[in-house]
Amino acid sequence: MPTGELVFRSATDADIPALVALIESAYRGDASRAGWTTEADLLEGQRTDPEGVAAVVRQKDGRLLVAERDGEPIACCQLEHRGDHVYFGMFAVRPALQGGGLGKVILAEAERAARAAWGAREMRMTVIRQRTELIAWYERRGYRRTGELSPFPYGDERFGIPQRADLAFELLVKPLG
């Protein structure tokens, strides 16, 4: 288990395989059940793939922020500058490290980085509306539910294989000081 200092940096192409594995482990399959952010009961199949991660890594108006200890990636998140706000996504913390406060640290760094890099005044994200425990976690960190829903991409297995027919994303928003 990595114990060294937490280091933040932007992902590179060389990180893609490790980041795909990290993201998959946090959301899908039995390994994800070691943490509390699993979507395994809602979705099967993949959460992302090398092409999806590469697109975020290479994005002109964004970055994939990596948190590592002892040179090992233990968390990541996507920051995408979208005009007056930054979109936060692809958030993953190694399942064995969830529940110990690391997520709060990563989220705070993401918000700081969004303000520093783009002068962002607001962070936005979409969360599967059925993820009530996760939404409550974000609410405790200042995010507000908007009630604005967008459809889950049914039929596109790049995003997983839904286990129920009523999945949708809800927009969460937080003003950045």
Side-chain angles (χ1 to χ4, degrees), residues 1-12 15-16 18-28 32 34-39 47-48 52-53 55-148 150 169-177:
M1 194 66 62
T3 57
E5 182 182 342
L6 192 60
V7 174
F8 293 99
R9 62 176 179 79
S10 291
T12 67
D15 296 311
I16 292 170
L19 293 175
V20 170
L22 171 66
I23 294 162
E24 289 295 312
S25 75
Y27 288 95
R28 298 289 198 276
S32 70
W36 68 274
T37 63
T38 183
E39 294 174 345
R47 171 66 160 74
T48 192
V53 174
V56 175
V57 168
R58 298 171 187 156
Q59 190 171 34
K60 182 177 151 265
D61 290 328
R63 67 192 277 211
L64 189 55
L65 183 66
V66 177
E68 60 184 18
R69 281 201 175 118
D70 304 328
E72 230 181 288
I74 59 170
C76 67
C77 63
Q78 170 190 15
L79 297 173
E80 181 184 333
H81 184 227
R82 295 182 178 175
D84 64 342
H85 70 278
V86 168
Y87 178 80
F88 176 84
M90 215 173 265
F91 187 27
V93 174
R94 185 179 294 170
L97 300 176
Q98 292 177 15
L102 183 59
K104 286 186 261 194
V105 173
I106 308 303
L107 184 59
E109 174 59 18
E111 292 168 355
R112 187 208 63 75
R115 286 189 304 270
W118 300 292
R121 299 172 70 190
E122 186 175 81
M123 187 85 90
R124 296 182 186 178
M125 68 178 76
T126 55
V127 179
I128 295 174
R129 69 183 176 104
Q130 288 81 0
R131 304 284 318 278
T132 54
E133 188 179 355
L134 182 59
I135 291 171
W137 185 87
Y138 284 120
E139 287 180 309
R140 290 191 299 274
R141 272 132 207 97
Y143 287 81
R144 177 182 55 81
R145 296 182 81 158
T146 65
E148 185 179 320
S150 55
F169 294 103
E170 182 170 357
L171 177 66
L172 304 183
V173 176
K174 178 181 179 178
L176 300 177

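The figures here come from the full heavy-atom set of this structure, side chains too, leaving out hydrogens, waters and symmetry mates. From a predicted model like this one, the values you see are computed outputs, not experimental measurements. We're numbering straight along the sequence, starting at 1.
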Enquirer: Between Gln98 (side chain only) and Val93 (backbone N and O only), is there a donor and an acceptor less than 3.5 Å apart?
Expert: yes
Enquirer: Is it the case that the side chain of Glu5 and the backbone of Arg69 share a donor-acceptor pair, with hydrogens and angles ignored and the cut-off at 3.5 Å?
Expert: no
Enquirer: Could you check whether Arg112 pairs with Glu109 (Lys NZ or Arg NE/NH1/NH2 to Asp/Glu carboxylate O, under 4.0 Å)?
Expert: yes
Enquirer: So Met123 and Tyr143, side-chain contact (heavy atoms from CB on, under 4.5 Å) or not? Walk me through it.
Expert: CA-CA 9 Å; Met123 187 85 90; Tyr143 287 81; 3.4 Å; yes
Enquirer: Once you round to the nearest 0.5 Å, how far does CD1 of Ile106 lie from CD of Glu111?
Expert: 12.0 Å
Enquirer: Can you name the residues that form a ring pair (Phe, Tyr, Trp, His ring centres under 6.0 Å) with Tyr87, not counting sequence neighbours?
Expert: none
Enquirer: Check Cys77 against Phe91 and note the closest heavy-atom contact, atom names and distance.
Expert: CB-CD1, 3.9 Å
Enquirer: Ile74 versus Leu6: any side-chain heavy-atom pair under 4.5 Å?
Expert: yes
Enquirer: Walk me through whether Val66 and Leu19 qualify under side-chain contact (heavy atoms from CB on, under 4.5 Å).
Expert: CA-CA 9 Å; Val66 177; Leu19 293 175; 3.9 Å; yes
Enquirer: Students often mix this up, so state it plainly: with edges at 30° and 60°, are the rings of Phe88 and Tyr138 parallel, tilted or perpendicular?
Expert: perpendicular
Enquirer: Against Glu170, only a single residue in Arg145, Arg124, Arg129 fulfils salt bridge (Lys or Arg N to Asp or Glu O under 4.0 Å); can you say which?
Expert: Arg145
Enquirer: Less than 6.0 angstrom from the centroid, inside 45 degrees of the normal: does Arg141 satisfy that with respect to the ring of Trp137?
Expert: yes
Enquirer: Salt bridge or not for Glu122 and Lys174, using N-O below 4.0 Å?
Expert: no
